[in-house]
Protein chains: 2
Amino acid sequence: MQASHDTRQRIINAAQELIYASSYNEVGVQEICDHARVKKGSFYHFFPSKRDLALAVLEQSHTFMRDEIINKSFHDDIPPLARIERFFTLLYEFHKDSRENTGSVFGCPFGNLGGEMSTQDEDIRNKVDSIFTASEKPFEKALAEAVERGDLQAIDTAATAKAIFAYTEGIMLYAKTSNNPELIRELGKHALQLTVAVNMQ
Amino acid sequence: MQASHDTRQRIINAAQELIYASSYNEVGVQEICDHARVKKGSFYHFFPSKRDLALAVLEQSHTFMRDEIINKSFHDDIPPLARIERFFTLLYEFHKDSRENTGSVFGCPFGNLGGEMSTQDEDIRNKVDSIFTASEKPFEKALAEAVERGDLQAIDTAATAKAIFAYTEGIMLYAKTSNNPELIRELGKHALQLTVAVNMQ
DNA sequence: TTTTTAGTTGACTGGTCAGTTAAATAAAGG
DNA sequence: CCTTTATTTAACTGACCAGTCAACTAAAAA
């Protein structure tokens, strides 16, 4: 116990940072340990496998996103639909900062891991899927409130929330592949269109 | 030249299949060669590196998608907006078949590779980005035609096409992480909402 | 027929992969 | 104090990684 008592936490933090900046398969356990100033043997004292570390990283990233983006966006100090707009603003600022500080847009940590690992690891796929489903909820709540207030005509709030969140994932992927955070701002503006009923002949 | 003359093509086909079903970093050159019935030395006769193979795979996948989904969807035998709906129908059927035959929804081959590799390989990122940009074009063309016909009020067709394609990427990622092709059908229904102007107070 | 070129083969490199093990050390509890 | 438990350390495993190389074969060009 020469090292401090937060070894496990340092490992998660290092993995979160390294995997988010590249990919699960590109980052090795050794590299994570070096970055966390931990010996590999210690790593396997705290985690049965690299895969279990990934699940812990997903959990921590979910907490981070909920605290730093979701909760701040959906606070009820402004009208419900404005909260959705604020969500895209905060998302944009987060990725713009990342782009300025690191040179890269990293996209969505859940979408990244889900896209890479869903066909290889069922536990990771399920974890990402549950995070996605949970992330729809604040959108759904805002939409229901907007309908109640009369800001929106009656819609299927659950389906619409899912559509908006799927759109968000697409936007983040697009921003990553173009390495351009501005896409989040430009495409985010269209998100509320998914809330209106459309009548095509 | 004991083996047939299509060695290079067999390598690309094997890589396309294997990488699409898992991920770039999960599939090794040796595994690709085994699957293509080619010795590893031959591989490096045709490709300078695994990365260059990935670029060739992206090119071939792009051709496939254009021929099998894009062109079939956007043929002008039906009205322009109906072509966009047909695109999601074909996309759904493709992934439903995949799910039935393999047990898994694999998502978008470009989105998968872009999400995994964009921060690690600039050439791959640029290739995916250019495929994305090219894929917006048939949407844009259909939208412009719809505006011309009076099916749609005047909109920014380029921005809307980009929004619809980003939404498509999000849908495919969501379908992959939930391993559920039905999401493509259910969420695809909302795509045309991105074509209408919205007026929120 | 001889030379050149394209393609094939299998053995090989050095490095890295995830994961293991046994012993050492430190902290906590009695 | 002594025992138990948690944690750390370094050396290790065997498999696999992308990529190299020189020798070989066959077809095409001269």
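Chain letters run A, B, ... following the sequence lines, proteins first and then strands; every chain starts at 1.
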| field | Positions of residues 39-58 of chain B (non-hydrogen atom under 4.0 Å from DNA chain C), listed by number | value | B:Lys39, B:Gly41, B:Ser42, B:His45, B:Phe46
| task | Give me the residues of residues 116-128 of chain A where at least one heavy atom lies under 4.0 Å from an atom of DNA chain C, by number, or none. | result | none
| remark: Those residues at least two apart in sequence (or on a different chain) that pass salt bridge (Lys or Arg N to Asp or Glu O under 4.0 Å) with A:Glu68 are A:Lys72
| said: According to side-chain hydrogen bond (donor to acceptor under 3.5 Å, both in side chains), who are the partners of B:Asp52, at least two apart in sequence or on a separate chain? | reply: B:Ser49
| note | For residues 155-164 of chain B, the salt bridge (Lys or Arg N to Asp or Glu O under 4.0 Å) pairs (sequence neighbours left out) are B:Glu136-B:Lys162
| task | List for me each residue that meets salt bridge (Lys or Arg N to Asp or Glu O under 4.0 Å) alongside B:Asp77, sequence neighbours excluded, and say none if there are none. | result | B:Arg86
| note | When rounded to whole Å, the CD to C1' distance for the pair B:Gln9 and C:dG7 reads 17 Å
| request: May I have all residue pairs that pass salt bridge (Lys or Arg N to Asp or Glu O under 4.0 Å) and include part of residues 103-121 of chain A, sequence neighbours excluded? | output: A:Arg51-A:Asp121
| With B:Arg125, which residues qualify under side-chain hydrogen bond (donor to acceptor under 3.5 Å, both in side chains), at least two apart? | B:Glu122
| Listed by chain and number, what are the side-chain hydrogen bond (donor to acceptor under 3.5 Å, both in side chains) partners of A:Asn101, not counting sequence neighbours? | none
Please list, one pair per line, the donor and acceptor atoms closer than 3.5 Å that link side chains of residues 54-63 of chain A to other protein atoms, with sequence neighbours excluded.
residue	atom	partner	partner atom	Å
A:Glu59	OE1	A:Lys127	NZ	2.3
A:Gln60	OE1	A:Gln9	NE2	2.8
A:Gln60	NE2	A:Asn13	OD1	2.7
A:Gln60	NE2	A:Gln16	OE1	2.8
A:Ser61	OG	A:Gln16	NE2	2.9
A:Ser61	OG	A:Val57	O	3.1
A:Thr63	OG1	A:Glu59	O	3.2

| note | In short, side chain to side chain donor-acceptor pair (under 3.5 Å) pairs touching residues 183-192 of chain A with sequence neighbours left out are A:Glu182-A:Arg185
| task | Return the minimal non-hydrogen interatomic distance between B:Glu26 and B:Glu31, and the atom names on each side. | result | O-OE1, 4.2 Å
| request: Output the residues of residues 13-35 of chain B in contact with DNA chain D, where contact means a heavy atom of the residue under 4.0 Å from an atom of the strand; sort by number or write none. | output: B:Val27, B:Gly28, B:Val29
